[in-house]
Amino acid sequence: MTIFSKIKTFSIQVLPKLSQWQNFFKILSRKEKYFFFSFVFLTIISLFFLTFDWYFKNTFFIPTTGGEYKEGIIGQPRFINPLYLSINDPDRDLVNLLFSSLLKYDGQGGITKDLAKEFQIKENKNFYFQLKENVFWHDGQPLTVEDIVFTVELIQNPQYKSSQRIEWSGVKVEKEGKNKISFHLQKKYSAFLETIIRLKILPKHIFQDIPPDDLPWVLGVEKHLVGSGPFLLEEIKRDKSGYIKKIILKKNEKFYSLKPFLEKISFYFYENSETLFSALRSKKIDGFVFSDPHYLKKIKQQNLKIHYLFSPRYFALFFNLNDSEILKNKEIRKALSYAFDKKEILEKVFLDQGQIIDSPFLSEHFGFNIPTDSKFNPIKAKEILDQQGFRLNQGGQRIKSQEKKGTILFKKNLKYKDKEEDVQELQKCLARDKKIYPEGEINGYFGLKTKQAVIRFQEKYASEILLPAGLKKGNGEIKSLTRQKLNQICSKKTQEIIPLELKLTTSDKFPLTEIAEILKKQLEVLGIKARVKEIPLAELQADVLTKRNFEMFLFGQSLGQIPDPFVFWHSSQKEYPGLNIAGYQSKEADALLLEIRESINEEERKTSLEKFQKIILNDNPAVFLVQNYSFYVFGPKLKGYSVKNINLLSDRFVEIENWHIK
């Protein structure tokens with residue numbers, strides 16, 4: 001069949017059909033044509049979306065290995081050492097990636113297994129762990145139970161001065177077998193699992209021969225930075241002055257758990273936020289973590305993801321209950337608990353990125369009843385201060401006028417015929433009362449007239465002088481009881497003016513400096529003069545916390561995911577290295593703190609915590625101010641991040657094995 005015959009046959013078969021469609025459209029009205037074509041259009045669109053929906057539901061994105069994530073950090077590492085973890089965030093960040101624990105936090109603030117394959121708790125004081133098989137150090141040596149025992153013994157040895165020593169005091173560690181280890185506590189402790197999380201294991205084969213004085217620093221040397229974490233050290237880059245510019249970590253191919261997708265993670269260190277933001281704009285770094293919400297505006301101008309991090313951390317103003325005479329007064333502390341407008345702090349310092357707190361337990365975080373009796377109330381604050389004698393003077397400052405104790409005039413006994421300087425003072429004193437010493441002679445000689453005056457004085461105050469001595473009549477001799485009464489009456493009394501002045505000590509870093517200035521102004525509104533002393537973070541521990549050298553101390557406290565207020569408020573923790581900063585002590589509170597620590601039942605612990613909360617808010621050893629959020633930002637190429645609830649900022653890396661580059 002030729003091509004022409006085929007075309008002819010096609011025309012005979014198809015053209016009638018086309019003519020039928022033409023007739024079909026001719027018989028449709030304009031409105032019907034509109035509905036018909038709309039239906040066809042919607043059908044095509046629906047098929048299109050159904051096809052794509054099926055595709056996405058049946059297609060999975062599988063992350064690939066490789067890529068480098070670059071993070072900027074303000075500050076410098078000091079001790080990249082699990083034994084000496086300080087308040088320095090760069091140290092914590094690196095330790096979390098290089099070293100491992102038996103347990104760890106998950107991305108939602110819960111507790112999960114790390115080096116441990118299984119664990120068991122008995123009587124809330126005996127903890128048994130079985131290690132995973134085939135766990136290796138970064139240098140290829142096997143990680144064993146002996147390494148864990150070695151690490152605990154280093155912490156417990158006072159020669160090594162570990163910051164964790166108080167947490168491990170009295171804990172007995174035992175090797176139970178090839179891969180089994182146990183910890184035995186002297187008393188029940190419900191939050192011991194969090195102590196286990198903080199135990200980052202050190203390799204015995206590297207550190208067993210290093211002297212105690214050298215150990216804090218050796219982990220700053222590349223050859224000693226050997227852990228078992230998901231990343232290992234590749235390089236530390238320093239400038240000529242020794243300043244660390246960059247630390248490069250690479251994936252640990254021997255990692256015992258899910259191996260990271262990222263090939264490398266690099267940390268770039270900057271002196272301030274300006275240089276860090278400059279690096280972010282030039283894309284030298286991919287992301288960073290921060291707590292100052294004023295940066296959010298800058299961040300939102302760039303193509304970055306913002307993740308909000310929630311942690312059980314708060315800021316509070318602690319009172320020195322042992323060394324400050326003014327703050328020993330419970331009523332003054334109560335007035336101060338009403339004095340501060342926490343809403344102003346939240347709005348001005350944190351741009352409302354956080355919440356006001358009135359308790360040391362972050363009631364909403366842990367599901368406790370929220371207290372209502374410590375709210376901002378300047379009228380009540382003024383009333384209490386007035387009642388305590390601190391009233392406003394003409395200059396608008398609160399002062400208290402009180403009688404100053406006089407000096408002791410008579411320190412030794414006197415008798416008839418004495419000739420001493422004290423006799424002259426005695427005559428001056430007696431002459432004040434004409435009925436007792438009408439002659440009023442002041443010659444420094446204890447003569448008959450003076451003796452008669454002393455007898456009259458003794459008989460006038462017979463109930464305090466004669467009766468206690470078993471005498472019925474005065475004898476004219478100046479002995480202890482007579483001398484005591486003379487000193488009481490004759491001492492020169494003066495009025496003492498006490499200004500209500502308080503010194504507030506804090507760090508020189510955000511947000512503490514900003515909070516301190518607001519607190520100062522709020523105190524001045526009430527007529528209380530406040531002086532703010534800002535101290536570099538590195539000096540706080542040595543000069544303030546260790547010696548309790550402050551009157552009011554503004555600082556942050558971090559709770560665990562299992563609330564254990566014992567270390568912060570029990571009287572046994574008053575002295576350093578205890579964390580009872582205020583020096584608070586209460587027998588009733590101590591008993592509850594032990595109950596909280598030892599209780600296994602969650603409802604019982606909650607009841608005890610709420611009872612303790614009531615006591616602490618009644619005694620006011622501190623004013624609890626605000627809880628703020630932290631922010632983690634990075635570019636769109638980083639995927640797999642899902643952490644929300646953290647304990648410390650370094651916990652943002654707890655699921656880093658899931659991160660990958662698009």
Side-chain angles (χ1 to χ4, degrees), residues 68-99 138 160-163 200 202 206-207 210-227 229 231-250 264-292 295 298 506-513 533-546 633-634 648-650 652-653:
E68 178 183 5
Y69 170 66
K70 302 172 183 178
E71 180 156 320
I73 293 180
I74 296 174
Q76 281 279 283
R78 188 165 180 246
F79 298 129
I80 312 173
N81 189 324
L83 260 63
Y84 302 95
L85 280 181
S86 63
I87 51 181
N88 192 31
D89 286 329
D91 290 341
R92 294 182 182 276
D93 291 344
L94 292 162
V95 164
N96 256 21
L97 294 171
L98 292 168
F99 297 90
H138 293 158
Y160 290 90
K161 300 176 183 178
S162 171
S163 56
K200 300 288 185 180
L202 288 174
I206 290 180
F207 298 106
I210 295 177
D213 291 341
D214 294 340
L215 191 63
W217 304 100
V218 293
L219 284 172
V221 182
E222 286 88 330
K223 68 178 182 178
H224 292 120
L225 274 169
V226 176
F231 286 84
L232 56 86
L233 180 70
E234 180 176 276
E235 185 180 5
I236 298 178
K237 292 187 176 182
R238 298 177 171 88
D239 62 16
K240 293 180 180 179
S241 66
Y243 184 90
I244 296 176
K245 304 291 289 184
K246 181 181 180 182
I247 292 181
I248 305 171
L249 307 181
K250 65 179 181 180
K264 292 183 181 181
I265 176 168
S266 297
F267 293 96
Y268 292 76
F269 299 92
Y270 300 95
E271 294 183 5
N272 51 55
S273 58
E274 287 73 21
T275 53
L276 186 144
F277 268 101
S278 176
L280 187 68
R281 284 191 295 269
S282 62
K283 296 186 179 180
K284 187 175 182 180
I285 59 174
D286 300 315
F288 67 101
V289 67
F290 63 98
S291 298
D292 188 345
Y295 296 147
K298 290 183 180 180
T506 192
S507 164
D508 62 350
K509 301 293 183 184
F510 174 90
L512 295 167
T513 53
K533 183 179 181 182
E534 297 174 1
I535 295 179
L537 205 58
E539 298 175 21
L540 272 179
Q541 186 163 328
D543 297 338
V544 179
L545 292 175
T546 304
V633 298
F634 44 75
L648 297 168
L649 284 178
S650 57
R652 66 190 183 278
F653 297 119

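- To the nearest 0.5 Å, the span separating CD1 on Ile236 from CG on Leu249 amounts to 9.0 Å.
- Residue Gln76 holds its CD atom at 5.0 Å from CD1 of Ile244, rounded to the nearest 0.5 Å.
- The side-chain heavy atoms of Ser650 and Val95, taken from C-beta on, include no pair separated by under 4.5 Å.
- Residue-environment remark: NZ (Lys246) exceeds the threshold of 12 foreign heavy atoms within 6.0 Å.
- A distance of 9.0 Å separates OH of Tyr270 from CG of Leu280, quoted to the nearest 0.5 Å.
- Note that the CG atom of Asp93 and the CG atom of Asn88 stand 9.0 Å from one another [nearest 0.5 Å].
- Dense packing is recorded around CD of Glu234, with more than 12 heavy atoms of other residues, nucleotides or ligands lying under 6.0 Å away.
- You'll find the side chain of Leu649 stays beyond 4.5 Å of the side chain of Arg92, heavy atoms only.
- In this structure, OG on Ser266 lies 11.0 Å from OH on Tyr69, to the nearest 0.5 angstrom.
- When all heavy atoms are compared, the tightest approach of Pro90 to Gly75 is CG-C, 4.3 Å.
- Using a 30° and 60° split on the angle between ring planes, His224 and Phe207 fall in the tilted class, from 30° to 60°.
- A donor-acceptor pair under 3.5 Å links the side-chain atoms of His138 to the main chain of Gly229, judged by distance alone.
- From Phe269, atom CZ reaches atom CD of Glu71 across 9.5 Å, with rounding to the nearest 0.5 Å.
- Contact record, Glu271 with Ile74: O-CG2, 3.8 Å, taken as the closest heavy-atom pair.
- Closest of all the heavy-atom pairs between Pro77 and Leu94 is CG-CD1, 3.9 Å.
- Between Ile73 and Phe267, the shortest heavy-atom contact is CD1-CD2, 3.3 Å.
- Looking at heavy atoms from C-beta onward, Ile265 lies in side-chain contact with Phe653 at the 4.5 angstrom threshold.
- With a 4.5 Å cut-off on side-chain heavy atoms, Leu276 and Tyr268 do not count as touching.
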Item to complete: Check the pair Lys200 / Asn96 against side chain to side chain contact (heavy atoms under 4.5 Å, CB included), numbers first and verdict last.
Response: CA-CA 8 Å; Lys200 300 288 185 180; Asn96 256 21; 3.3 Å; yes
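- Taking the six-membered ring wherever Trp is involved, the centroid distance between the rings of Phe288 and Phe277 falls below 6.0 Å.
- Looking only at distances, a side-chain donor or acceptor of Ser282 sits under 3.5 Å from a matching main-chain atom of Ala279.
- Asp286 contributes no side-chain N or O that, together with a main-chain N or O of Phe634, makes up a donor-acceptor pair within less than 3.5 Å.
- Although no hydrogens or angles enter the test, the distance criterion places a donor-acceptor pair under 3.5 Å between the side chain of Asp91 and the main chain of Phe79.
- Across all their heavy atoms, Pro212 and Tyr160 have their closest contact at CA-CE2, 3.5 Å.
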